[in-house]
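Report on the structure given below.
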Protein chains: 2
Amino acid sequence: MTKIKEGYKNEKEIFLEHIQKAGLRRTAQRDLILEIFLKTEEHLTSEDLYWLVQKQDPSVGHTTVYRTLKLLTEAGLAREVRFGDNKTYYEHHYNHEHHDHLICTECGKVVEFFSPEIEAMQDATAHKFGFVPTHHSLRLWGICEDCQQTTHESHPSMASGAQPRVRVKTVVGS
Amino acid sequence: MTKIKEGYKNEKEIFLEHIQKAGLRRTAQRDLILEIFLKTEEHLTSEDLYWLVQKQDPSVGHTTVYRTLKLLTEAGLAREVRFGDNKTYYEHHYNHEHHDHLICTECGKVVEFFSPEIEAMQDATAHKFGFVPTHHSLRLWGICEDCQQTTHESHPSMASGAQPRVRVKTVVGS
DNA sequence: TTTTCAATGCGAAGCATTTCCATTATCGGC
DNA sequence: GCCGATAATGGAAATGCTTCGCATTGAAAA
């Protein structure tokens, strides 16, 4: 039991706990999907994960990946995010700080940020209207530094609000 | 030209202007769809609008409603909103203050709010990361006052994050 | 009025996601 | 270690929202 794997181990334990508590069963597919999910960088779709899983076990189907991602979300290991392209992306949730997203409308770059001030004001706003806040989603769109400097030919794939396939992840605390 | 209709008139003018500027054509269908859209309360899907239009002109098809809503959005008369149920809702945009949404996870009630402080901090955050902000989406989920008081049987239709059909609109400035 | 080409509306296609269901596999109990 | 109940799987089919293709219609410039 090396020190390095401890992070993974914990998440696997969380998963097992959730599985047992819900009266579900541990399967090789779920183990594999979790393992591969844990190794990824953030913001991948069920489809993305499906292809990664395929490489190791071509017998796994789309359906199982969808179902397992939902399971991981329930277990608190994954979080669903949408960027407006009608796809559901997933990112790590357990042991990861909560954050919001800043998205470049030109190149699709995604910057993750966290602002305690904004968080506090959101909670205050919810309470002001009598709500007990549970969660939220804040997305800011704009043009990133790089894209401001290049000539204004917007990418064809972005023309009608479409999002690019590749996302640059940049985690910045604040 | 009565005073009362001036608001509508303006929006129709905006639409015509947009139509002409883009080299498009004015049609009876577009006029009808705009007219009905203007009369609605907020947060309706293309499908919702389609049925309203059907009542007055059964010959109009889904496609035209979709296309026209997109047109209205480009013209700045409508705004697309998503509440997480994979449907695109539209709300009035022209002559309506920008606002964000507070959504009850129990009954689906939607409260619209505006917080200049949060807006300012969002812009500041974008700039901090070198972005020129264009637009944003902020949604807060929680349990509304009414639902906090009732017993905790969550509505079946909301069980897996589904959204209700009927939305209560409440505009509150702040 | 003629001409041009945008707009329409139907059905079909796309796309992400879910459902169906027969088959397979887990896991508690014997 | 073997059974048996039943959860899980995966492939195909279905779903729900949205868009496309295309033949036809119609707006508006000439």
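If you're wondering where the values come from, they're calculated on a predicted model, not measured in any experiment. Reminder, nothing fancy here: chain letters follow the sequence lines and each chain counts from 1.
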Next item on the list: Using whole Å, report how far CD of Gln20(A) lies from P of dA8(D).
Entry: 13 Å

Notebook entry, point to check: Counting only N and O atoms by type, is there a donor-acceptor contact under 3.5 Å from the side chain of Thr40(A) to the main-chain atoms of Phe37(A)?
Noted result: yes

Notebook entry, point to check: Do side-chain atoms of His127(B) reach the backbone of Asp123(B) as a donor and acceptor pair under 3.5 angstrom?
Noted result: yes

Next item on the list: In whole angstrom, give the distance that lies between atom CD of Gln54(B) and atom C1' of dG9(C).
Entry: 11 Å

Next item on the list: For Thr105(A) and Trp141(A), indicate whether the former's side chain and the latter's backbone hold a donor-acceptor pair under 3.5 Å.
Entry: no

Checklist line | Heavy-atom protein contacts under 4.0 Å, nucleotides 24-30 of chain D, coded B base, S sugar-phosphate only, - none | finding: --BBS--

Next item on the list: Among Arg25(A), Arg26(A), Lys12(A), find the one that has a salt bridge (charged side-chain N to carboxylate O under 4.0 Å, His left out) with Asp31(A).
Entry: Arg26(A)

Check: What is the nucleic acid contact for Glu47(A), judged by heavy atoms within less than 4.0 Å: base, sugar-phosphate only, or nothing?
Finding: nothing

Check: Separation of Asp85(A) atom CG from dC15(C) atom P, in whole Å?
Finding: 13 Å

Notebook entry, point to check: Per the ring pair (Phe, Tyr, Trp, His ring centres under 6.0 Å) rule, which among His92(B), His93(B), His98(B) passes with His96(B)?
Noted result: His92(B)

Check: Between the side chain of Arg30(B) and the main-chain N/O of Val65(B), is any donor-acceptor distance below 3.5 Å?
Finding: no

Note to self: What is the distance, to the nearest angstrom, from the OH atom on Tyr90(B) to the C1' atom on dC17(D)?
What the structure shows: 11 Å

Note to self: Please give me every residue in residues 62-75 of chain B whose heavy atoms get under 4.0 Å of an atom in DNA chain D, ordered by residue number.
What the structure shows: Thr63(B), Tyr66(B), Lys70(B)

Checklist line | Separation of dT26(C) C1' from Leu16(A) CG (nearest whole Å) | finding: 13 Å

Margin query: Could you tell me how far apart His18(B) (NE2) and dA6(C) (C1') are, to the nearest whole angstrom?
Written below: 14 Å

Notebook entry, point to check: Between Gln148(A) (side chain) and Ile143(A) (backbone), is there a donor-acceptor pair under 3.5 Å?
Noted result: yes

Item checked: Sequence-distant partners of His101(B), ring pair (Phe, Tyr, Trp, His ring centres under 6.0 Å), two or more places apart -> His43(B), Phe83(B), His99(B)

Next item on the list: Figure out the CG/C1' separation between Asn86(A) and dG16(D), and round it to whole Å.
Entry: 11 Å

Margin query: Applying a 4.0 Å non-hydrogen cut-off, can you work out what Ser59(A) is touching in the nucleic acid: base, sugar-phosphate, or nothing?
Written below: sugar-phosphate

Note to self: Output the rounded distance in Å from CG (Asp31(B)) to C1' (dT8(C)).
What the structure shows: 15 Å

Notebook entry, point to check: So, the side chain of Gln54(B) versus the backbone of Val60(B): is there a donor-acceptor pair under 3.5 Å, distance only?
Noted result: yes

